[in-house]
Each structure stands twice: as C-alpha cells, then as structure tokens.
2 protein chains.
Amino acid sequence: MKEQKPKHGTDAISTVILKTTEALADRYGIDKVSMHQIAQTAGVGQGTIYRRYANKGALCMELMDEKFRLLQEHAAQIVGQPGTVHEKLKAVLSEQIHFLESHVSYIEAIHDAATCEGKKQTFYESRPYRFLHQVLRDLLNEAITAKTAKPMNTDFTAHTWIASINPKVYLYLRKKKRYSEKEIVSFFTQSFIDPLFL
Amino acid sequence: MKEQKPKHGTDAISTVILKTTEALADRYGIDKVSMHQIAQTAGVGQGTIYRRYANKGALCMELMDEKFRLLQEHAAQIVGQPGTVHEKLKAVLSEQIHFLESHVSYIEAIHDAATCEGKKQTFYESRPYRFLHQVLRDLLNEAITAKTAKPMNTDFTAHTWIASINPKVYLYLRKKKRYSEKEIVSFFTQSFIDPLFL
DNA sequence: TTGACATGCGGACAATTGTCCGATATTATT
DNA sequence: AATAATATCGGACAATTGTCCGCATGTCAA
C-alpha cells in the first residue's frame, strides 16, 4: 500500500473523482451521496477512490482544500494587521465560525470520519486544523506575554475552543435553538474571549 | 388492554438485550460489537432490538441509564451543599470530566449516533444531557445574579462547555497529547471557569 | 519480440447499520 | 370455543463503507 506521491491528486482520475463528488454534493448534499454512487458516476471503481482518499472524510477534506487555504489566508491577514490581541482573537474566531456556517455539511462529514484510535491520521493532525489551532494558541500566548491575560494552557484552550463549536453542536444551536451566526459569534466572544482579558 | 411498562426495558426481552450488550461490551469493547452480533447472542431478531432502541447510541444510552442517574445525583448534591458558585461549578465540571473519563467508549457511541437533522430525538434533548446542561446554566445564572460574573448567554455557554469536552477531543487530549484527567480538569478551570469570576 | 516484474484499476465481497414484512402469538369479541 | 383484530417477533433485505485480489496495462532487460 502506497500513499499518493504528490500532495494533491492532480492526475486525471483524481480530478474526475473530485469534480464528480462536488457535482453530486451540490445536487444532493454531501451526506446523501455515497462513495459507491461517486464511483459509479465518475466511472471508476470504488477501490480507485479509496486508494487516493482513506475515507469519505478525507475526500471531503481534499474538496475543501482551497476553501481551507483561503481561511488560512484570512486568519494570517488578521494576525498580521495592526490591532490588539483581543481584537484579533475575536476576528479570527468570527472567521472560523463563518467558515463553519458556510461549509457545515462538509465539515460534519470530515468530523464523522475522524478517529482518535490507531495510528491513522486524525482530523486533529490535519494541516488546516493544526494551522487554525496554532493561530489561536499564538494569539493567546501573546496576550499572556503582554500580561493582558492570565497564564493558562493555551494548547488546551485552543483545542477546546475549536471543539466547542463543532458541527454537531453548531447545527443544534442554529437549527433547534435558532441562534443566528452573529449571535453565536457574540455569545462566544462574551463567554470565552472577553473574560480572559483583564 | 396491556398494563404500561413504567420505563424502558423492563420486560424480559429488553433485559436480555441489555445484559447481552453489556457482556459483549465488557469483553470486546462496545465499538467492536455489532447490533447483529448482539441480536444473535441474545437470541432475538435485529428488528426486536431496533423496535426498542432507535440505534446503537440509544441502546448505549439505556445501558448508561443508571450511571447517568448517579452522575445527576452527584451533581445535585454538589449544588445542594454549601459553597460558592465558583466552587460548585468547578466541582460539577470535575464530575462531568471524570464521568467522561470513566465511560468514554459508551459516550462516544452515543455521540456517533447523535444527529441534528430531522425530528428525531437528538442527544441534546435526552434527559441526561438536559439535566447536566441545566445544572451548569443555573449555576452560571446564579453567579450573574450575585454579580460575581458578568452577564452572558448562559444557555449557550453551558452547551459549548459540554461540547468542548466531547469524547473525540477528550480522547485526543488524553491519548495523543498525553494530558491526564487531572490536568484536563485543571486546564478547563483555568481557561473557562476562573476567568468568569472577578 | 518476449518474458519478468511492477503498477494500479475495477468490481466483487465483507461487515455493519437500519428497515420491512410475513409469520406468529396474544388479546378481544361474539 | 371460535374467530377476528391487534401486537410483536424474527430474519431477510437494502444501503453504505471499506477491503481485497484478479487482471490488464506498461516498463525494461536480454
């Protein structure tokens, strides 16, 4: 068993798999599209898909690649621009929540496939997750160094912040509790960010 | 006219399903036991299981019923005893994290089956979840009323607190990051509870 | 050209969750 | 007691994810 040699599947077959998945997902919703259906529609065997993507989550991750890249750019831009750490944290979290709002079906699929057992690549070790976690952690560290926030385990805090707005609970808050995206951003700021700053 | 069953699973068949599931889970781990296997071992059809429990998560929820009851008792006891709201919140969260530590496999199975789509009973609407959410919310409200914490949306805060220590991220923090249960409790307190109190 | 070896595709197959319906047992009616 | 109505059981079946292996195709050496 070999891994895909280049970072992205840029060969013709990978391309048709991704395009087909995107088309089907646009039409039916990613959660309603099966790997079998993707294989049939793309005119390839299922094995051909699974040789490139470990599971449906990994396939979705690949589909989201460009979107994640843009989110990372936004986050990096926020961090790079002038402003207080407090403001930057709020802006980054707002971006992340908006990202979740925009792509919640895909992110849910990625989460569903995520595992912490075995030595398989976990969601938490994927590039996008690590990047966003690191942005939050660095900002928190900066706040602590500047003595505008009390010491804490910033690694833990960043992980749990992200976990606190996972797709399942986000959908619950949006659909059942009828909170708007704006409200959720505001509540998060109020409950998690503001209290940290002295 | 049949007399009503007071609660779930008090008839003979439900009992054998639950006992069988427990025995198999003890032996192989709940995630390694299939519904088919449970049915075979218990000597009933799969339909008989699904007629009583909507899915594997609901079955696990039923198995955890007594455990949840004890957790609720502990939480109620903490709230009832004298002490500051701050102390009570820390104690309750510590209990919840210990509960997660002790039963993480079952809780993961419950989470995996949870859904926010459709009108099916979601995990967030189950009795145990609602109880624990309410305990946290009430304590937070008490702190706000007593002016020892700033106003916030306590409903949101309680939901996201629970979400922040979901089984997936908990396992990641324990197994990959090698944080101990005690550390996680301490970090949580430091990052989420303490900053609220001034 | 040919044969040995490697690559990797396709789809059959296994495992699992969840549904459905014919068969059976139980209760109600006369 | 006989029969109709109702409840419930068992397991076959469908749908989906993920694995595996036979086979076709391509490469290279002699």
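These values consider heavy atoms only, across backbone and side chains, with no hydrogens, waters or symmetry-generated copies. Treat the numbers as computed from the prediction; the structure is a model and nothing was measured. A note on names: the letters A, B, ... follow the listed sequences, proteins ahead of strands, and every chain is numbered from 1.
The side-chain hydrogen bond (donor to acceptor under 3.5 Å, both in side chains) search around A:His133 returns A:Asp155, A:His159, not counting sequence neighbours. Partners of B:Arg174 by salt bridge (charged side-chain N to carboxylate O under 4.0 Å, His left out), not counting sequence neighbours, listed by chain and number: B:Glu101. For A:His74, the side-chain hydrogen bond (donor to acceptor under 3.5 Å, both in side chains) partners two or more places apart in sequence, or in a different chain, are A:Glu95. Residues forming a side-chain hydrogen bond (donor to acceptor under 3.5 Å, both in side chains) with B:Ser191 (at least two apart in sequence, or on another chain): A:Thr157. Shown here are the ring pair (Phe, Tyr, Trp, His ring centres under 6.0 Å) partners of A:Tyr50, two or more places apart in sequence or in another chain: there are none. Remark: B:Arg51 engages no residue in a side-chain hydrogen bond (donor to acceptor under 3.5 Å, both in side chains) (not counting sequence neighbours).
The separation between A:Gln40 atom CD and D:dT16 atom C1' is 13 Å, rounded to whole Å. Atom CD1 of B:Ile49 and atom P of C:dT17 are 10 Å apart (whole Å). If you take CG of B:Asp31 and P of C:dT17, they are 11 Å apart, rounded to a whole angstrom. For B:Ile38 and C:dT16, the CD1 to P distance is 11 Å, given to the nearest whole Å. Computed from coordinates, the B:Asp11 CG to D:dC9 C1' distance equals 12 Å when rounded to whole Å. The CD-P distance, from A:Gln37 to C:dG11, rounds to 16 Å in whole Å.
Distances from the side chain of A:Met35 to the nucleotides D:dC9, D:dT17, C:dT17 place D:dT17 closest. Candidate nucleotides D:dT17, C:dC9, C:dT17 were compared by shortest atom distance to the side chain of A:Ile13, and C:dC9 ranks first.
Mapping B:Lys56 and B:Thr48 onto DNA chain C via the closest heavy atom, the residue that lands nearer the 5' end is B:Lys56. Between A:Ser34 and A:Gly47, it is A:Ser34 whose nearest contact on DNA chain D lies nearer the 5' terminus.
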Tabulated below should be each protein N or O lying under 3.5 Å from an N or O of nucleotides 13-15 of chain C; please produce it.
none

Produce the list of close N/O pairs, under 3.5 Å, pairing protein atoms with atoms of nucleotides 25-27 of chain D; give distances to one decimal.
none

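In summary, B:Glu87 and B:Lys90 do not engage in a salt bridge, as defined by a charged side-chain N under 4.0 Å from a carboxylate O.
Applying the side-chain hydrogen bond (donor to acceptor under 3.5 Å, both in side chains) test to residues at least two apart or on different chains, the pairs with a partner in residues 138-149 of chain A are A:Asn141-A:Thr154.
Note on ring orientation: taking the six-membered ring where Trp is involved, the planes of B:Tyr124 and A:Tyr172 are parallel (angle under 30°, cut-offs 30° and 60°).
Counting distance only, with no hydrogens placed and no angle test, the side-chain atoms of B:Arg51 and the base atoms of D:dG10 include a donor-acceptor pair under 3.5 Å.
At D:dG18, one or more side-chain N or O atoms of A:Tyr50 fall inside 4.0 Å of OP1 or OP2 (strictly under the cut-off).
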